[in-house]
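Quick notes on the structure that follows.
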Number of protein chains: 2
Amino acid sequence: MRASDSGSTDSGSGGTRRRSERTRGAILTAARIRFAADGYERATIRAIARDADIDPSMVMRYYGNKEGLFAAAVSIDLKMPDVAALPRDEVGRALVAHFLGTWEENEVLTALLRVGVTNPAGAERMQEIFRNQLIPVAHAVCPDPEQAPARAALGAAQLLGLALTRYVLRFPPAVALSREEIAAWLAPTLQRYLTAPSP
Amino acid sequence: MRASDSGSTDSGSGGTRRRSERTRGAILTAARIRFAADGYERATIRAIARDADIDPSMVMRYYGNKEGLFAAAVSIDLKMPDVAALPRDEVGRALVAHFLGTWEENEVLTALLRVGVTNPAGAERMQEIFRNQLIPVAHAVCPDPEQAPARAALGAAQLLGLALTRYVLRFPPAVALSREEIAAWLAPTLQRYLTAPSP
DNA sequence: GTTGTAGGCCAACAAGTGTTGACTCCCTTG
DNA sequence: CAAGGGAGTCAACACTTGTTGGCCTACAAC
C-alpha cells in the first residue's frame with residue numbers, strides 16, 4: 001500500500017522530514033487499530049510498533065508515552081449534522097443514520113469505547129465528546145433547553161448501547177440486523193427522547 | 001463484620017473447612033469489586049488477594065488461575081420476572097425497574113460489562129446471559145417468536161447503553177437522572193421493542 | 001568533502017504480572 | 001499422645017510491560 005515508494009524521487013526540500021511524518025502517521029493508524037481491537041491495556045506499544053514496522057522507541061520519541069499516543073490517536077470530530085435545518089420529525093432518523101455511518105467507517109469510535117470502559121482517561125475523553133458535540137445537538141432541537149443534557153444522555157445511551165452490543169460484544173442478533181432495520185427501530189426512540197414532551 | 005469470630009467455638013466437625021470456605025468467599029467478593037472497578041487486566045490477583053487479606057497463592061489454590069477466578073466470580077442469575085403473567089402493557093416498565101434494581105444492588109453486572117468489553121471470555125459470558133436469560137423473556141411477549149432474538153437485542157442495547165453511560169462512563173446527566181425518570185423515559189421504548197409490530 | 005542533525009534501531013533497565021513449589025502451623029482423627 | 005492433612009505463607013520463577021540511552025546511518029548545509 002506504500003504510495004510513492006522508497007524511490008524517494010520526491011521534491012528536494014525535506015526528504016527526511018517527509019519520512020518522519022509518514023511514520024508518525026503509520027504509528028497513529030496502527031495505534032487506532034490496536035486500541036479498537038484490544039482496549040488500552042492489551043494494546044501494547046510493542047504490538048503497535050510491530051504493526052507500524054518501526055521500533056517501539058520511536059513511539060516514545062514522537063508521542064512521549066503511552067497516554068500521549070492514545071490522546072493523539074483518538075481525537076475525533078463526529079461532524080454532527082445541522083439538525084436545526086432538518087424537518088423536525090426527521091431528526092431521529094437522521095441521527096441514527098449518521099451515527100451508524102460514522103461508526104462503521106471509523107475505528108476510532110470503537111477504540112474510544114473500549115478504552116473508555118476500563119481507563120479513566122478514556123472515560124474522560126468520552127465525556128468531553130458527549131459534552132462538546134452531542135449536547136449541542138440536543139440543544140438545537142429540545143423544547144426546553146434546560147432538559148437538553150438529560151435528553152442527550154438518553155439518546156447517547158441508546159446509540160452507545162447499540163454500538164456496544166453490535167460492534168463490541170457482538171450479540172449475534174444485533175450483528176444480524178441491517179442498518180435499515182436498526183434505523184427503523186431506533187429513529188422513533190431518538191425522536192422521542194429529543195423532541196417529545198417529558199413523560 | 002466477621003460473624004462467629006475467631007473464637008472458633010463452632011461445632012466439632014470441620015473447623016478448618018469452615019475457615020477455608022470463609023476465605024473462598026472473601027476472595028470472590030474482593031474479586032467482584034476489583035473486576036467491577038478496574039476491568040480484567042488491571043484487576044491483579046495480588047490486589048484482589050490484598051483486599052481479601054490473604055496470600056496471592058491462595059487464589060491459585062482455590063480457583064486454578066485468573067480465568068477460573070473470573071468465571072467463579074461472575075456467575076449471575078438475573079432472576080428475570082415472569083413477564084407472561086403481567087398485563088401486556090406493563091412489560092416495559094417492569095423490565096426497566098427490574099433492571100435498574102438488579103444493577104444497583106449487584107456489582108457483578110458492572111464487572112461483567114467492564115470485562116466483556118476488553119476480554120473475549122467476558123464477551124462470551126455476556127452473550128451466554130443474553131441468550132439464556134434475556135431472549136426467553138422476549139419469547140414470552142413477542143408477537144412473532146422468530147423476531148424474539150432481534151427484539152431482545154434492541155432491548156438489551158437500550159438497557160446496556162443506559163448502564164454504560166450511567167454506571168461506567170458516568171456521563172453527568174445520566175447519573176443525575178432518578179430511577180423514576182429513567183423508568184418513565186425507557187419503559188415505552190422497551191415496550192415498543194418487545195411488543196409493537198415491526199416498523 | 002566535512003560536519004551537523006535528525007531518523008531510526010538495538011540492547012537494556014526496573015517494575016509488575018501470573019504462577020509455582022517448598023515450607024510452617026494448626027486442627028482433626030486415630 | 002502421635003500422625004496426617006489441609007490452610008496459609010514465603011520466596012522465587014519466567015515473562016511481559018513501558019521506558020531509556022547509546023549507537024549507527026543518511027541526508028543537507030557549508
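Residue numbers begin at 1 in each chain, while the letters A, B, ... track the order of the sequences.
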Candidate nucleotides D/dT9, D/dA7, D/dT19, ranked by approach to the side chain of B/Asp55 - the nearest: D/dT9

N-O pairing of A/Glu104 and A/Arg166 below 4.0 Å: yes

Among C/dG8, C/dC10, D/dT17, the nucleotide that comes nearest once only the side chain of A/Arg61 is considered: C/dG8

Nucleotide of D/dA12, C/dG7, D/dC10 approaching A/Tyr62 most closely (side-chain heavy atoms): C/dG7

A/Arg50 side chain vs A/Ile45 backbone, donor-acceptor pair below 3.5 Å: no

Rounded distance in Å - CZ (A/Arg42) to C1' (C/dT17): 14 Å

Protein-nucleotide distance (B/Asp38, atom CG; C/dT17, atom P), rounded to Å: 11 Å

Closest nucleotide among C/dT20, D/dG8, C/dT19 to the B/Thr23 side chain: D/dG8

Between C/dG7 (C1') and A/Met60 (CE): distance, integer Å: 17 Å

More than 12 heavy atoms of other groups within 6.0 Å of A/Glu128 CD: yes

Integer-rounded Å distance: C/dG7 P and A/Tyr63 OH: 12 Å

Nearest-angstrom distance from the residue atom CD1 of A/Ile54 to P of C/dC9: 7 Å

B/Pro143 to B/Ala196 - nearest heavy-atom pair and separation: CG-O, 4.5 Å

Protein-nucleotide distance (A/Arg50, atom CZ; C/dC9, atom P), rounded to Å: 14 Å

Rounded distance in Å - CZ (B/Arg34) to P (C/dT17): 10 Å

Residue mapping more 5' on DNA chain C - nearest nucleotide basis, A/Arg46 or A/Met58: A/Met58

Charged N-O contact under 4.0 Å between A/Arg34 and A/Asp51: yes

Per B/Ser57 side chain, nearest of listed nucleotides C/dT17, D/dG18, D/dC10: D/dC10

Whole angstrom value for the distance that separates C1' of D/dG6 from CD of B/Glu21: 14 Å

